[in-house]
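Naming convention: chains lettered A, B, ... in sequence-line order (proteins, then strands); numbering from 1 in each chain.
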There are 2 protein chains.
Amino acid sequence: MYTIKEVAEKMEVSEHTLRFWAKSGFFPFVKRNENNIRQFSDNDLEWVRIVKCLRSVGTENKAIKKYIDLCIKGDSTISERYQIILDTKEKALQQMEELKQQLAVLDYKENFYKNLIKNNLQDSWNPMNKINLQDAAV
Amino acid sequence: MYTIKEVAEKMEVSEHTLRFWAKSGFFPFVKRNENNIRQFSDNDLEWVRIVKCLRSVGTENKAIKKYIDLCIKGDSTISERYQIILDTKEKALQQMEELKQQLAVLDYKENFYKNLIKNNLQDSWNPMNKINLQDAAV
DNA sequence: TACAACCTGATAGTTACTCTCAGTCAAGTG
DNA sequence: CACTTGACTGAGAGTAACTATCAGGTTGTA
């Protein structure tokens with residue numbers, strides 16, 4: 001059993017956010033002790049994990065709540081939940097592609113500046129070196 | 001030369017967002033024609049491209065503005081800009097790692113549900129099949 | 001007795017859009 | 001010449017998902 005602080009550390013989510021998620025109904029099975037303090041079980045951590053996963057892929061909280069509710073509803077919703085996972089995976093793969101493309105842009109920029117720096121140093125004695133530099137290049 | 005609409009289509013950014021970015025000072029060199037209409041050059045598209053890239057990696061608009069201003073300032077800021085690109089790349093790579101981890105979570109869930117469905121179908125004639133299903137599994 | 005750690009609720013602030021008006025201008029078409 | 005289209009402007013509200021701050025409350029430990 002873990003306190004909210006321990007969960008925050010373990011799962012790398014702020015306590016604030018965990019409470020916010022709890023209030024949003026994302027952790028319906030977290031028990032409280034006699035002092036009303038949340039006691040996260042290992043299974044509860046699984047819920048945190050999946051919420052974190054869905055969020056980090058950009059799933060809206062409304063949609064997460066829907067998924068959570070399906071989980072609560074039980075077996076009859078398994079195939080629906082399965083489909084959500086598949087869709088989410090698809091989305092994640094698209095994000096991966098997007099990220100790769102942006103990394104290519106950054107690689108290009110890196111080289112662009114590398115060359116700029118190299119030429120700048122080489123030609124710094126040359127009064128004509130300005131010619132090689134573009135005006136306000138991005 | 002492109003109108004804002006053409007840029008929006010070409011770069012897959014909404015006109016709204018382009019105007020918002022323009023107002024934020026992200027495209028300092030976009031010319032206007034005699035009717036005050038923005039005329040994006042090919043070089044301006046490069047600015048759109050880099051802004052889009054920085055944004056999609058999570059760079060804040062404030063930081064983007066800073067980068068843009070360094071670009072405007074010219075040669076003296078090249079190494080500083082180079083460093084920003086390197087840092088951004090680092091951030092992007094971290095995001096890639098994070099995404100991979102979350103994909104692993106999703107893969108696990110996919111299998112989890114796949115098995116659940118398989119067993120469910122197999123045992124559907126069996127009154128004991130409930131035993132195999134966890135209560136409110138995520 | 002102070003403190004740290006948990007709780008609650010309310011409220012305000014943040015970022016980056018996103019959308020909706022409302023009104024203006026200019027070009028092209030029937 | 002009216003009309004539609006597409007561009008522009010500014011103002012202002014709405015949105016998501018936190019994030020932070022405050023106030024007030026309980027409990028267990030040093």
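- Qualifying side chain to side chain donor-acceptor pair (under 3.5 Å) partners for B:Glu98, counting only residues two or more places apart in sequence or in other chains: B:Gln102.
- With sequence neighbours excluded, no residue forms a salt bridge (Lys or Arg N to Asp or Glu O under 4.0 Å) with A:Glu9.
- If you take CG of B:Leu18 and P of C:dC19, they are 14 Å apart, rounded to a whole angstrom.
- In this structure, a donor-acceptor pair under 3.5 Å is absent between the side chains of A:Tyr2 and A:Asp44.
- Taking atom NZ of residue B:Lys23 and atom P of nucleotide C:dC19, one finds them 16 Å apart after rounding to whole Å.
- Under the side-chain contact (heavy atoms from CB on, under 4.5 Å) criterion, B:Ala22 pairs with B:Phe27, B:Arg38, not counting sequence neighbours.
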- Message: I'd like to compare against my own output: the B/S/- annotation of nucleotides 3-8 of chain C with a strict under-4.0 Å heavy-atom distance to protein.
- Response: --SSSS

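- Figure legend: cation-pi geometry between A:Lys23 and A:Phe20 absent, as NZ or CZ is not positioned both under 6.0 Å from the six-membered ring centre and within 45° of its axis.
- Between the side chain of A:Ser14 and the backbone N or O of A:Thr17 there is at least one donor-acceptor pair closer than 3.5 Å.
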- Message: Protein within reach of the bases, or only the backbone? For nucleotides 13-22 of chain D, mark each nucleotide 5' to 3' as B, S or -, using heavy atoms under 4.0 Å.
- Response: ---SSBSBB-

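- In terms of the salt bridge (Lys or Arg N to Asp or Glu O under 4.0 Å) criterion, A:Lys52 has no residue partners (sequence neighbours excluded).
- In this structure, A:Trp47 has its ring center no closer than 6.0 Å to that of A:Phe26.
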